[in-house]
Amino acid sequence: QVQLVESGGGLVQAGGSLRLSCAASGRTFSSLNMGWFRQAPGKERELVATINLSGTNIYYTDSVKGRFTISRDNAKNTVYLQMNSLKPEDTAVYYCNAEPAYIMLRTPGRYWGQGTQVTVSS
C-alpha cells in the first residue's frame, strides 16, 4: 500500500509562490508515476500536472503552463509542485496522486494523499 503525505500549502497573495511536496512510502518511488490534482469549492477535481517514473515525460494543464513546475527526487521519495505567479483561481485543495501502471492523463491513479489547502488572496 502506498502512502502519500502532502505539505506546503497555505495562504499567499496573488503573484506569490508556494512549493508543495508529496512524500511517498510503501513502494519503490521510482516505480510510481506521480501527479497533482486540485479541487476548488463547487468544482470537480482536475488534473494539474503529471510526471513519469524517470521525470522525462511531464504534462501540465493549460491554465498552469509557464507558472507551475512539477519535479521529482527519486532519492528522497518526493514529488514537488513549484507554483509561481499564483492567481485567486488557483485556490483549491491540492492532492498528490500516484499510479504504477500508467501516467495519469485521463484517469487518476489509485493512490491519493489527504490534500493540502492552497488559498490565493486578491
Can a donor-acceptor pair be found, under 3.5 Å and without considering hydrogens, that links the side chain of [X] to the backbone of [Y]?
X     : Y      : answer
Asn52 : Asn57  : yes
Gln82 : Phe68  : no
Glu6  : Gly115 : yes
Asn97 : Gly35  : no
Thr78 : Lys76  : yes

Apply side chain to side chain contact (heavy atoms under 4.5 Å, CB included) to the pair Gln39 and Tyr94, showing each step before the final yes or no. CA-CA 7 Å; Gln39 188 167 20; Tyr94 284 71; over 6 Å; no

Should Glu46 and Arg38 be marked as a side chain to side chain contact (heavy atoms under 4.5 Å, CB included) after you check the CA-CA gap, both sets of side-chain angles, and the distance that decides it? CA-CA 5 Å; Glu46 66 168 346; Arg38 67 185 179 186; 2.6 Å; yes

Can you name the nearest heavy-atom pair linking [X] to [Y], along with the distance?
X      : Y      : answer
Met34  : Cys22  : CE-SG, 4.3 Å
Leu86  : Met83  : CD2-CB, 3.8 Å
Ala14  : Ser122 : CB-CA, 4.4 Å
Gln117 : Ala92  : NE2-O, 3.4 Å
Asn84  : Ser17  : OD1-OG, 2.9 Å

Is it true that Asp62 and Lys65 make a salt bridge, defined as a side-chain N closer than 4.0 Å to a carboxylate O?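 Judged by the 4.0 Å cut-off on N to carboxylate O distance, Asp62 and Lys65 do form a salt bridge.
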
Starting from the C-alpha separation in whole Å, work towards a yes-or-no answer on side chain to side chain contact (heavy atoms under 4.5 Å, CB included) for Ile58 and Thr50. CA-CA 6 Å; Ile58 290 174; Thr50 63; over 6 Å; no

How are the rings of Trp112 and Tyr95 set to each other: parallel, tilted or perpendicular (split at 30° and 60°)?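 Taking Tyr95 first and then Trp112, their aromatic rings stand perpendicular (interplane angle over 60°).
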
Hydrophobic clustering (ILVMFWY, side-chain heavy atoms < 4.5 Å, transitive) - are [Y] and [X] grouped together?
X      : Y      : result
Met104 : Leu4   : no
Phe37  : Tyr102 : yes
Leu47  : Val64  : no
Val2   : Leu81  : yes

Side chains of [X] and [Y]: closer than 4.5 Å at any heavy-atom pair?
X     : Y      : value
Tyr80 : Leu20  : no
Asn33 : Ile51  : no
Val93 : Thr116 : no
Tyr60 : Ile70  : yes

Determine whether Thr119 and Val12 satisfy the following criterion, side chain to side chain contact (heavy atoms under 4.5 Å, CB included), listing intermediate values before the conclusion. CA-CA 6 Å; Thr119 303; Val12 64; over 6 Å; no

Evaluate side-chain hydrogen bond (donor to acceptor under 3.5 Å, both in side chains) for Gln3 paired with Ser25, printing each intermediate quantity in order. CA-CA 5 Å; Gln3 293 81 42; Ser25 60; 3.3 Å; yes

Worked check of side-chain hydrogen bond (donor to acceptor under 3.5 Å, both in side chains) between Thr61 and Ser63: CA-CA 6 Å; Thr61 195; Ser63 62; 4.5 Å; no

To the nearest 0.5 Å, how far apart are CG in Asn74 and CG in Leu53?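 If we round to the nearest 0.5 Å, Asn74:CG and Leu53:CG are 8.5 Å apart.
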
Cation over ring face, Arg72 and Phe29, 6.0 Å, 45°: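 Here Arg72 passes the 6.0 Å and 45° test against Phe29.
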
